[in-house]
Amino acid sequence: QVQLVESRGGLVQAGGSLRLSCAASGRTFSSQFMGWFRQAPGKEREFVAAITRSGGSTYYADSVKGRFTISRDNAKNTVYLQMSSLKPEDTAVYYCAAGRPGRAVVVGRGTDYDYWGQGTQVTVSS
């Protein structure tokens, strides 16, 4: 069983930056696609970013492209989400997600991810 633990989010002013991390347990991290999703109050969960097993390819939602960067360190079993130029509409609970070991995912489809973190609140003030 893979467990994912996100770092604490926080409160940041618009235009600011914040980095989230997500540490995975177990020995299968390097064989898993990793993604970040978010859910704002009253809204559906939405895809934010994803990264392939080697880290060679990354994918982003249009709303965050050019502002957010996903990366991973397979030696540390950790995936990161660097968020810059934050906007009030980025306010949400952010979730780290992992695909099944050895299996590809449709990056934006939440149901393709088998493991989820507990979520961390990010609030951007205007």
Side-chain angles (χ1 to χ4, degrees):
Q1 184 75 5
V2 174
Q3 291 187 325
L4 303 174
V5 179
E6 294 112 339
S7 60
R8 194 164 65 178
L11 172 64
V12 62
Q13 288 189 332
S17 298
L18 189 65
R19 188 177 82 157
L20 302 180
S21 63
C22 171
S25 65
R27 300 181 178 184
T28 59
F29 182 77
S30 63
S31 68
Q32 295 174 276
F33 274 73
M34 298 297 297
W36 287 94
F37 289 76
R38 67 186 182 187
Q39 188 167 20
K43 293 189 176 181
E44 298 283 320
R45 182 181 64 193
E46 65 174 0
F47 168 72
V48 175
I51 188 166
T52 54
R53 289 168 284 217
S54 67
S57 295
T58 55
Y59 306 88
Y60 298 93
D62 288 343
S63 59
V64 306
K65 203 171 292 183
R67 300 188 299 120
F68 289 13
T69 302
I70 187 171
S71 63
R72 67 189 296 162
D73 185 338
N74 285 347
K76 295 183 178 180
N77 278 18
T78 302
V79 63
Y80 304 95
L81 185 67
Q82 177 68 49
M83 304 182 289
S84 302
S85 302
L86 283 161
K87 305 175 181 179
E89 50 264 44
D90 294 318
T91 295
V93 177
Y94 283 72
Y95 297 91
C96 169
R100 193 171 301 176
R103 180 179 171 183
V105 302
V106 174
V107 294
R109 189 161 65 193
T111 53
D112 274 17
Y113 295 81
D114 289 275
Y115 307 98
W116 292 82
Q118 79 283 2
T120 187
Q121 177 70 46
V122 173
T123 303
V124 184
S125 63
S126 57

Trainee: Sort and list the pairs that fulfil disulfide bond (SG atoms under 2.5 Å apart) and have at least one residue in residues 49-126, not counting sequence neighbours.
Mentor: Cys22-Cys96

Trainee: Tell me every residue that passes ring pair (Phe, Tyr, Trp, His ring centres under 6.0 Å) with Phe47, counting only those two or more places apart in sequence or in another chain.
Mentor: Phe37

Trainee: Can you list every salt bridge (Lys or Arg N to Asp or Glu O under 4.0 Å) pair that touches residues 21-40, not counting sequence neighbours?
Mentor: Arg38-Glu46, Arg38-Asp90

Trainee: Who pairs with Arg72 by side-chain hydrogen bond (donor to acceptor under 3.5 Å, both in side chains), at least two apart in sequence or on another chain?
Mentor: Asn74

Trainee: What distance do Ser126 atom OG and Gln13 atom CD have between them, rounded to the nearest 0.5 Å?
Mentor: 9.5 Å

Trainee: Any heavy-atom pair between the side chains of Arg100 and Val105 that's under 4.5 Å?
Mentor: no

Trainee: Just by distance, do the side chain of Thr123 and the backbone of Leu11 share a donor-acceptor pair under 3.5 Å?
Mentor: no

Trainee: Counting distance only, does the side-chain N/O of Asn77 pair as donor-acceptor with the main-chain N or O of Ala24 below 3.5 Å?
Mentor: yes

Trainee: Any side-chain to backbone donor/acceptor pair from Glu6 onto Gln118? Under 3.5 Å, distance only.
Mentor: yes

Trainee: Provide the closest heavy-atom pair for Gln82 versus Ser17 in the form atom of the first, atom of the second, distance.
Mentor: NE2-CB, 4.0 Å

Trainee: Could you list who else is in Leu81's hydrophobic cluster, with ILVMFWY side chains joined at under 4.5 Å, directly or through other members?
Mentor: Val2, Leu4, Val12, Leu18, Leu20, Phe29, Met34, Trp36, Val48, Ile51, Tyr60, Val64, Phe68, Ile70, Val79, Met83, Leu86, Tyr94, Tyr115, Val122, Val124

Trainee: Rounded to the nearest 0.5 Å, what's the gap from OH on Tyr113 to CZ on Arg103? Could you check?
Mentor: 11.5 Å

Trainee: Just wondering, are more than 12 heavy atoms of other shown residues or ligands nearer than 6.0 Å to CD in Gln3?
Mentor: no

Trainee: Counting only heavy atoms from other residues, nucleotides and ligands, does the tally under 6.0 Å from NZ of Lys43 exceed 12?
Mentor: no

Trainee: How far does CZ of Arg19 sit from OG of Ser84, to the nearest 0.5 angstrom?
Mentor: 11.5 Å

Trainee: Quick check: closest heavy atoms across Gln32 and Ala98, and the distance to 0.1 Å?
Mentor: NE2-CB, 3.7 Å

Trainee: Suppose clustering is done on Ile, Leu, Val, Met, Phe, Trp and Tyr with side-chain heavy atoms closer than 4.5 Å. Which residues sit in the same group as Tyr80?
Mentor: none

